[in-house]
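Let me begin by presenting the structure, written as structure tokens, before commenting on it.
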Protein chains: 2
Amino acid sequence: MKMGIPERKEREKEARREEILNAAQKVFFEKGLTATTVDDIAQLAELSKGTLYLYYHSKEDLYLATAGRGMDIMYGMFERAVAASDDPITQIFNIGDAYYQFFREQRDFFRMFYYFESPLFHAQISKDMMDQCTLRDRKVWDLVASPVRRAIEAGLLKPELDPLEVGIMLWSNANGFFRLLDRNEQYWKEKMGVDLLGTLRKSSGLLLEAMLTEEGRRNRANLQLYRESVVHKENQQ
Amino acid sequence: MKMGIPERKEREKEARREEILNAAQKVFFEKGLTATTVDDIAQLAELSKGTLYLYYHSKEDLYLATAGRGMDIMYGMFERAVAASDDPITQIFNIGDAYYQFFREQRDFFRMFYYFESPLFHAQISKDMMDQCTLRDRKVWDLVASPVRRAIEAGLLKPELDPLEVGIMLWSNANGFFRLLDRNEQYWKEKMGVDLLGTLRKSSGLLLEAMLTEEGRRNRANLQLYRESVVHKENQQ
DNA sequence: ACATAGAATGACTACTAGTCAGAATACGAG
DNA sequence: CTCGTATTCTGACTAGTAGTCATTCTATGT
């Protein structure tokens, strides 16, 4: 009996943390970092502002904790993308596809990641929260790098390439596009007649193609199959 | 005599605007958007806060006006990059190089562009300032697209490519890298042994190579020359 | 010397992140 | 059941900031 109480308290505390984070997420999604006030979150969580500060160190910490949920979701999607195939090249494409899916389905989280880049933002973050975030970041990069490493080892990608390097190339490329898409997809589509997703597919394709070895090229049937399945999925929407 | 006075007043007003912007730029560079207070700027400009609001609509407007200066600098660098050669492929590489140079030499401005992506930021901007910014943006894209168009027309790049599309590909790719470089160049370099600039070169090279026609490939001597000159410049630093 | 329009001012309002002294609640012992 | 203690919670308070506006100042023309 006695023994169970500290554990229950611990669970309750954790639950409070989650509840607060739920409220924070909702408000952040609606209003964004700047327009959100801590009072908004406190009100939605039905707690006083003071209590929030017992659980989180600052508004920015809350923001980062919310963004952390997004990173976890993304990581989960990437894991499934890798698990869905044994062929490393297909895995790479799957990850790319998963990132696109994340961008489409979790736009609010995707947008939260913006802030993470701004040096000003970092000032308010507690070391603890920052470490958690760095850890998550590292996990994602490791996950992405591993199929690339296997593809190089299997002789499908040119041996002079570095796994992390390839990951960065593809990620930079995709991310640059997503930002552009997010900001003004309509603008590019309507005014310029540019199909940004098509362009992304094209440029990733060009990049990967240029990285394949002869043997990798022979495996291209898979790749072609993959693309058709993607286009198929697209058309179903 | 009388006639000249309104003109002089106009000039003086414009000068004030510039002085205010000078002060704003200095403070924004030092402290960033959030940490900068309008009072900081007013104090540096040796004007009262009220006066600032006679010239600019909001702190964000001031910020955007400052960023506009950066865009103009970048545009100027791109113009020179294009003017430095008649060969469109070389022009494209020159623009890439100019963007890298801008990233290196005008890091403060480069960082200011971050904010421009955040939807929250836009809320505070006056229509007038936003239009100016859109115009600048358009100008840059037109400038970048034109050598690509010429390269396609000259049969150097594959005809199925769209000029704007190619611009977007290269820009996305470069920008994704610069963001990564800016955030944690040291991290990647020290902990992972990744040379991000080298990686950027590699991926741009791969992309462009995959886009070249046979004829374009024959022109590759130029391209090689270009690269060596860049490496040369690099080593001189 | 004076009147007037435009420029400049800074005290003021409204709002917000974060604090902290004290209230409320939960628990265990007598 | 009751009281002391520890834990959790509270909201009034502080410090600081964007933006306003009634008032003051200044340059110009008569």
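A, B, ... follow the sequence lines: proteins, then strands. Residue 1 opens every chain. We use all heavy atoms of the structure for the numbers below, so side chains are in, but hydrogens, waters and symmetry mates are not.
- Taking the six-membered ring where the residue is Trp, Tyr114(B) and Phe110(B) present perpendicular rings, their angle passing 60° and hence far from 30°.
- Taking atom CD of residue Glu60(B) and atom C1' of nucleotide dA18(D), one finds them 9 Å apart after rounding to whole Å.
- Taking atom CG of residue Leu54(A) and atom P of nucleotide dT10(D), one finds them 9 Å apart after rounding to whole Å.
- Sequence order on DNA chain C of the closest nucleotides to Gly50(B) and Thr37(A) puts Gly50(B) first from the 5' end.
- As rounded to whole Å, 17 Å separates atom P of dG11(D) from atom CD1 of Ile41(A).
- Contact check on Glu10(B) versus Lys13(B) returns no salt bridge, with no Lys/Arg side-chain nitrogen under 4.0 Å from an Asp/Glu carboxylate oxygen.
- Using a 4.0 Å cut-off, some side-chain N or O of Lys59(B) falls inside it from OP1 or OP2 of dA18(D).
- Electrostatic pairing of Asp142(A) and Arg138(A) does not count as a salt bridge here, judged by no charged N lying under 4.0 Å from a carboxylate O.
- One interatomic measurement links the two molecules: CG of Asp39(A) to P of dG11(D), which rounds to 11 Å at whole-angstrom precision.
- The side chain of Lys49(B) contributes no N or O atom lying less than 4.0 Å from OP1 or OP2 of dT9(C).
- Between Arg16(A) and dT8(D) there is no side-chain polar atom (N or O) within less than 4.0 angstrom of OP1 or OP2.
- For Ser58(B), counting side-chain heavy atoms from C-beta on, the closest listed nucleotide (dG19(D), dG11(D), dG18(C)) is dG19(D).
- The phosphate of dC9(D) has OP1 or OP2 within less than 4.0 Å of a side-chain N or O from Tyr55(A).
- If you take CD of Gln43(B) and P of dT9(C), they are 13 Å apart, rounded to a whole angstrom.
- Put simply, Thr51(A) has no side-chain N or O that comes within less than 4.0 Å of OP1 or OP2 on dC9(D).
- Distance CD1 (Ile20(A)) to C1' (dT8(D)): 12 Å, rounded to an integer number of Å.
- Distance Leu62(B) CG to dG19(D) C1': 13 Å, rounded to the nearest Å.
- Atom CD of Glu46(B) has 12 or fewer heavy atoms from other residues, nucleotides or ligands within 6.0 Å.
- Between the CD atom of Glu46(B) and the C1' atom of dT9(C) there is a distance of 15 Å, rounded to whole Å.
- No side-chain heavy atom of Asp108(B) sits less than 4.5 Å from a side-chain heavy atom of Phe28(B).
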